[in-house]
Structure formats: structure tokens, C-alpha cells
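One structure below.
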Amino acid sequence: MGDSRALGESLCERYSAEERAWLAAEPSEAIPALTDLSVQICEPEEFGSSNCSVEGLYLPQRRHITVMRTGRRRTKFTLLHELGHDHARRTDATAELLAGMTRGSVPYEERIADAFAAEILVPSAEVEAVLEGRSPTAADVADLCELVEGSMEACCVRMAQHLGAGGYVLLAEGSVVRFCAVAGDTYRIRRGTDQGADHLLAIAARHGSASADQVRLYHRSGVRTREYGGDAVSRGDLAFAVLTEATNPPWGGWRPPGDARPLGVDLLCGGCDQDVVSWKRCETCGGMVCPRGECGWCLCRGPGRAVVAERVCARCFLTKRFDLFPDDGDTCRDCS
């Protein structure tokens, strides 16, 4: 597998220095002028849904990018992230790599798109000036966000590239993840995932800073990650956090290695009446799915239950219940 950072940064080589500067300053104008893609910026109530790591949709057949209007810096990152998806799929080296992956191509493409956007928005020299050869702490992430014009999301990606070990760099609103950059073989935490009132993020939001030797993150499904050393700070309404598997974390000291096993969700299965550990949440009903191959029960399907009819939305590409679509329509009501 190729280096997602190097691949993302290589996608920038098609642009001159002047074009990169234009993309960084006014991506909504530069993208249609430099490519065959059209761009639309929607108000939040008009946006619909997306399974991307940012508030954007890349529609390859329509040659179109739609993003939700947020803050100016954040909207820029989203536009460039979606442009990164387009270049990753239409550049031979990355397209062949993604097509040849038997699994994990979606999160890997997300990393490439992140790296592309970060390369445009946050020059390496700015990051190196803050870190001076160190791995980042949460305060370093917050400082970089205040020093550069690039988005906070791009800053998180840049800092994750310098983590030197598996882990996460997080931007959060209280205990709720707003953006997650990953390092190593970790799996991204989806935006909007609440980590709970007792989590490191929430403690930092209340008290200004927090650190802990063994921290887990919740995925949207309820599955928890392995344990990491964690450091978090708050600046205004936002919290910044660095989680690392290193035993000598960049904020100092030594931490014992944590539990390397992720934790599933304990479940008394309603289909086979067995105590099981589930690792998957059904996208249709939201219930946990029994991992036993002969069962596979959840709230909407399983032994003795009718399977709920589903359809794939032509716009957001999510699988949803048929009643969430207009009659004979191929676009869900969220996206209509």
C-alpha cells in the first residue's frame, strides 16, 4: 500500500504555484476554472446527508461538488477535500491502487483527500516552525490553528502526519467530534460522534486541559478503539486532542502500553438468545447486529423477521429504507 500522504501531495503537482495559491484563497472560484467540476455551496438545512469525513458530496457522474456552508476556513477545506477525491479516482497511480484494494479503500481514499487539501492549505514550513522536530501535543495543534490561514481541519491533518505513531488528532465541540485525522492503521471516528461527558475531550472543554494514560474513543456503532495516551486542550468553544500509542508521548513522561484490543458492544441477541459481542450497527434500523453467522439478527432483520426493503440513494450513495424515498424516486428525501 502506498503512503497516503505522499499520494495526496503528489496530486497537487498538476497545479502551478499560482494555481495552488488561488485554490487556497478561493477554491469555489478556482475549482470550476481549473477543472471540469461544478461547485455548489448549500445552506445547512439544504445539504442533506453524507458519509464523507467532511460536510461535502462528490458526484463523479455529474462532475459536481456540493458542500455545506460552514465557517470560511472550514468550507475551503471541504471543497478541496472533495476535489482530492476527484483527483484520486481520476489519476492512474491512485485509481489503480484503490481499485486493487480488497478492503479499506474508502477510508484510505479519505486520507488521500485529506492530504491533498492539507498540502494546498497549510504549507509544511508552517508546521515545522511550530513543532521544531517534535511530535505534536494538543497545544501545538491549537497554536497552529491560530497561526495559519488554513482551516483547523487541515491543521489536524498536518499534525497527524507528524505524530510518529498510530493515533488520532481530533477537533471537537465539547465531547462531540467535529473532525478526526488519523495516523497509522487507526480507523477514523465519524464527525458528530459523542464521546460522553466523562471523556478526555469533555474534561478539557470544562477545565481547559486534560491528559490521561489510557483513553479510548467511541465509534458511531458503539465499538471502542484500543487504548491510547491522550492530551487535550480547549480554546474558546473548541477542544483539540492528540491520542498516541507511543509509550513516551510528546507531552512528556512515560505511559504503560494500553490494551491493544478494541471493545465491541455486549448484546443479548433477540434472535438466538445468546450473549454476544457485536461489532456492527445496522444502517437501516440502527440496532446492533448479531455476529453469529447463522443468526445475523438485529431490530429489523433476522430469524422469523421480514427484511426491510432498501434502496441506494443516487446522490449520497447511502443504503436507506425504501420509505425514505419518494415514490419511484432514486434520491432519498434527505437529499431531495
Side-chain angles (χ1 to χ4, degrees), residues 4-5 7-95 109-127 144-158 161 171 178-179 181 191 238 314-317 331 334-336:
S4 59
R5 175 185 176 180
L7 289 169
E9 293 178 356
S10 71
L11 298 178
C12 299
E13 294 174 359
R14 70 190 65 203
Y15 298 113
S16 67
E18 292 76 14
E19 289 170 336
R20 291 192 196 190
W22 189 16
L23 283 165
E26 298 292 345
S28 61
E29 297 177 5
I31 291 172
L34 297 174
T35 73
D36 64 344
L37 289 160
S38 57
V39 168
Q40 179 184 13
I41 300 177
C42 295
E43 298 304 322
E45 61 272 15
E46 300 171 345
F47 178 69
S49 61
S50 167
N51 62 349
C52 195
S53 64
V54 293
E55 299 93 339
L57 287 169
Y58 161 59
L59 305 175
Q61 292 81 11
R62 292 173 51 191
R63 308 300 301 138
H64 183 72
I65 290 172
T66 299
V67 304
M68 184 174 77
R69 189 187 305 279
T70 51
R72 180 179 60 87
R73 293 166 64 183
R74 187 173 170 187
T75 300
K76 287 182 180 182
F77 178 83
T78 305
L79 284 165
L80 292 169
H81 173 97
E82 299 304 333
L83 179 61
H85 277 297
D86 179 71
H87 291 342
R89 296 186 191 184
R90 291 164 62 87
T91 300
D92 289 345
T94 49
E109 185 179 325
E110 290 288 324
R111 294 193 187 198
I112 294 173
D114 279 350
F116 171 84
E119 175 69 9
I120 295 289
L121 290 169
V122 183
S124 296
E126 301 280 1
V127 184
L144 182 65
C145 291
E146 294 175 355
L147 287 171
V148 304
E149 177 65 19
S151 74
M152 295 182 181
E153 288 80 3
C155 292
C156 290
V157 173
R158 277 302 202 195
Q161 293 170 348
L171 172 64
R178 190 173 105 175
F179 182 76
R191 69 176 188 275
L238 297 175
R315 182 171 180 185
C316 67
F317 306 108
T331 301
D334 289 338
C335 296
S336 298

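Numbering starts at 1 and runs along the sequence shown. Bear in mind that the values here come from a model prediction, so they are computed numbers and not experimental data.
For Ser28, the side chain to side chain donor-acceptor pair (under 3.5 Å) test picks out no residue, with sequence neighbours left out. For Arg63, the salt bridge (charged side-chain N to carboxylate O under 4.0 Å, His left out) partners are Asp36, Asp86, not counting sequence neighbours. Listed by chain and residue number, Arg72 satisfy the salt bridge (charged side-chain N to carboxylate O under 4.0 Å, His left out) test with Glu149 (two or more places apart in sequence, or in another chain). Judged as a salt bridge (charged side-chain N to carboxylate O under 4.0 Å, His left out), and not counting sequence neighbours, the contacts of Glu9 are Arg5, Arg158. Applying the side chain to side chain donor-acceptor pair (under 3.5 Å) criterion to Thr91, with sequence neighbours excluded, gives Arg14.
The shortest distance between side-chain heavy atoms of Leu83 and Pro27 does not fall below 4.5 Å.
In this structure, the separation between CD1 on Ile112 and CG on Leu11 is 7.0 Å, given to the nearest 0.5 Å. Annotation: the span from Leu80 atom CG to Ile31 atom CD1 amounts to 5.5 Å, rounded to 0.5 Å. Remark: Arg89 CZ to Thr94 OG1 distance equals 10.5 Å, nearest 0.5 Å. With rounding to the nearest 0.5 Å, the separation of SG in Cys155 from CG in Leu144 is 4.0 Å. To the nearest 0.5 Å, atoms CG (Leu171) and SG (Cys145) are separated by 7.0 Å. To the nearest 0.5 Å, atoms CE (Met68) and OG1 (Thr66) are separated by 12.5 Å.
The aromatic rings of His87 and Phe116 stand perpendicular to each other, their planes meeting at an angle above 60°, with 30° marking the opposite boundary. Ring orientation note: the planes of His81 and His85 are nearly perpendicular, at an angle over 60° on the 30°/60° scale.
At least one donor-acceptor pair closer than 3.5 Å links the side chain of Thr75 to the backbone N or O of Thr70. With hydrogens and angles ignored, the 3.5 Å screen pairs a side-chain donor or acceptor of Thr78 with a backbone N or O of Arg74.
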Verdict with reasoning, Phe77 to Val122, per side chain to side chain contact (heavy atoms under 4.5 Å, CB included): CA-CA 10 Å; Phe77 178 83; Val122 183; over 6 Å; no

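The minimum heavy-atom distance between Val67 and Glu82, with the atom names listed, is CG1-CG, 4.4 Å. Here the closest heavy-atom approach between residue Ala115 and residue Gly8 is recorded as CB-CA, 3.9 Å. Of all heavy-atom pairs spanning Trp22 and Ala33, the tightest one is CH2-CB, 3.4 Å.
In this structure, Glu153 does not pair ionically with Arg73, as no charged nitrogen and carboxylate oxygen lie closer than 4.0 Å.
For residues 15-32, every residue pair satisfying the salt bridge (Lys or Arg N to Asp or Glu O under 4.0 Å) rule, not counting sequence neighbours, is listed here: Arg20-Glu119.
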